[in-house]
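Below is one structure; the comments refer to it alone.
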There are 2 protein chains.
Amino acid sequence: MQTIGVLGGMGPAATAHFMERLVVLCAAERDQDYPPTLAYSASQIPDRTTHLVDDGADPTHGLQAAARVLQAGGAGAIAIPCNTAHAYLKAIRTAVEVPVFDMIDLAAATIAASFPGATVGVLAATGTVRLGLYQSALQANGLAVEQPDEELQEHVMAAIREVKGGGSGRDRRLDHAIEILRSHGAEVLVLGCTELPLAVDPASTGIPVVDATDVLARACLEWAGGAVRP
Amino acid sequence: MQTIGVLGGMGPAATAHFMERLVVLCAAERDQDYPPTLAYSASQIPDRTTHLVDDGADPTHGLQAAARVLQAGGAGAIAIPCNTAHAYLKAIRTAVEVPVFDMIDLAAATIAASFPGATVGVLAATGTVRLGLYQSALQANGLAVEQPDEELQEHVMAAIREVKGGGSGRDRRLDHAIEILRSHGAEVLVLGCTELPLAVDPASTGIPVVDATDVLARACLEWAGGAVRP
């Protein structure tokens with residue numbers, strides 16, 4: 001099996017959750033049935049949304065340096081369990097020779113396969129939303145897009161920040177944002193921020209949920225040669 | 001903050017759990033408040049208990065190579081969230097220049113500080129038990145030791161194997177092993193295998209539980225300069 005590289009720490013709770021999903025989604029009996037994984041929780045990389053929205057410090061060099069650490073350590077491909085960091089995907093790809101997964105394209109393609117032509121409600125960090133990362137990918141896959149307005153987006157971002165600070169992120173205002181997306185026609189939700197699976201219970205949303213974290217984890221396991229649970 | 005190295009994959013579920021504990025036990029608000037962590041889930045390392053008990057393949061070279069990957073990637077110290085792998089601690093330490101934590105000594109010292117002179121029930125993998133890794137460390141700290149007999153030890157090992165294969169490990173036979181340790185005088189339990197916190201609910205044991213995984217996570221956070229939750 002090949003070694004999965006994980007460019008993480010954005011945030012650390014989301015990376016720990018991604019590591020857990022790589023284990024839970026792998027059909028294994030013994031330690032040796034799981035693909036090796038090298039995960040760099042590079043928590044000191046400047047905040048992506050702060051750079052994209054508020055002109056904060058640029059995370060590009062930190063992302064590139066972390067990707068190089070993973071490649072040097074034997075990673076055969078790199079996953080980035082942070083949707084907003086995909087704003088820098090091109091720059092990260094230029095820094096290494098190994099392939100780097102595009103979680104957002106993978107999630108959009110997964111949704112299009114199961115829900116062709118559907119209207120997708122996007123729950124994501126403000127940087128991801130402002131750049132239209134999901135909007136572009138979903139539309140390219142023939143899907144319609146419903147995003148929260150600015151006030152609701154602030155509720156989503158508050159839940160994300162709460163998870164980053166060790167909280168649950170479960171909040172009635174987040175539920176309200178999901179209700180509004182549904183009332184505006186969303187037929188399926190994408191969890192387009194890797195903190196959100198820790199805050200959103202898919203059983204309570206009333207519509208199907210596609211978790212980009214799980215889409216990425218499955219793609220990694222398949223690539224590495226691990227057996228994926230159905 | 002310094003970078004914590006995690007020599008893991010033994011097993012992968014235990015390593016993902018350890019990553020989660022590094023996050024949960026850190027008092028942080030933002031991503032950047034967490035120490036950077038480089039975790040190698042080196043799942044292909046041969047099984048430690050199989051080598052120690054059944055004369056299986058030797059994991060020493062695999063452990064040393066993984067430690068070198070972490071050092072080369074910038075880890076300033078290395079934690080090994082696998083108690084049985086501590087049978088190879090000296091060999092791992094000779095392979096790198098950075099310090100390598102001794103989880104078993106740390107756990108024994110933690111127990112001695114809170115429960116001086118107590119009788120400690122040891123729940124651990126069969127390799128750890130056969131080599132007396134906890135027995136030596138606990139006795140050196142003035143503690144008495146109660147270990148399962150061979151039949152009960154097989155129940156403990158079955159729960160550990162279940163966690164390695166993606167199961168919960170929660171099993172009445174494991175509860176029975178804990179009951180017997182208590183009836184033989186154990187006043188505190190040590191979870192001396194990093195799969196066991198996933199299988200044992202400390203609220204159901206009837207005596208205090210010290211989880212070596214958490215002891216190691218706290219030591220890592222303190223060393224790295226992260227704020228540790230009380």
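Naming convention: chains lettered A, B, ... in sequence-line order (proteins, then strands); numbering from 1 in each chain. The figures that follow rest on heavy atoms only: side chains count, while hydrogens, waters and symmetry mates do not.
Close approach to chain A, defined as a heavy atom under 4.5 Å from one of its heavy atoms, is seen in no residue of residues 193-205 of chain B.
Across every non-hydrogen atom of A:Q32 and B:P46, the tightest pair is NE2-C, 3.8 Å. A:V69 and B:G73 get closest at one heavy-atom pair: CG1-O, 3.8 Å.
Expressed to the nearest 0.5 Å, how far OG1 of B:T15 lies from CE of A:M19 amounts to 7.0 Å. Interatomic distance, B:H17 NE2 to A:E20 CD, rounded to the nearest 0.5 Å: 10.0 Å. For the atom pair OG of A:S43 and CE of B:M1, the computed distance is 5.5 Å after rounding to the nearest 0.5 Å. Atom-to-atom distance recorded for B:Y40:OH and A:T3:OG1 is 4.5 Å, nearest 0.5 angstrom. Taking CG of A:D33 as the reference point, atom NZ of B:K164 lies at 11.5 Å (rounded to 0.5 Å).
The most heavy-atom pairs under 4.5 Å with chain A, out of B:A72, B:P35, B:A14, come from B:P35. Across B:A27, B:C26, B:A42, B:P12, the residue that shares the most heavy-atom pairs under 4.5 angstrom with chain A is B:P12.
Both the backbone and the side chain of B:A39 come within less than 4.5 Å of a heavy atom of chain A. Heavy-atom distances place no part of B:R68 under 4.5 Å from chain A, backbone and side chain included. Contact of B:L22 with chain A is not made at all, since no heavy-atom distance falls under 4.5 Å.
A 6.0 Å sphere centred on CD of B:E154 holds more than 12 heavy atoms belonging to other residues, nucleotides or ligands. Heavy atoms of other residues, nucleotides or ligands lying less than 6.0 angstrom from CG of B:D54 number more than 12.
Judged purely by atom type and a 3.5 angstrom limit, B:Q44 uses its side chain to pair as donor or acceptor with the backbone of A:Y34.
Comment: B:R48 engages A:D31 in a salt bridge, judged by a side-chain N to carboxylate O separation of less than 4.0 angstrom.
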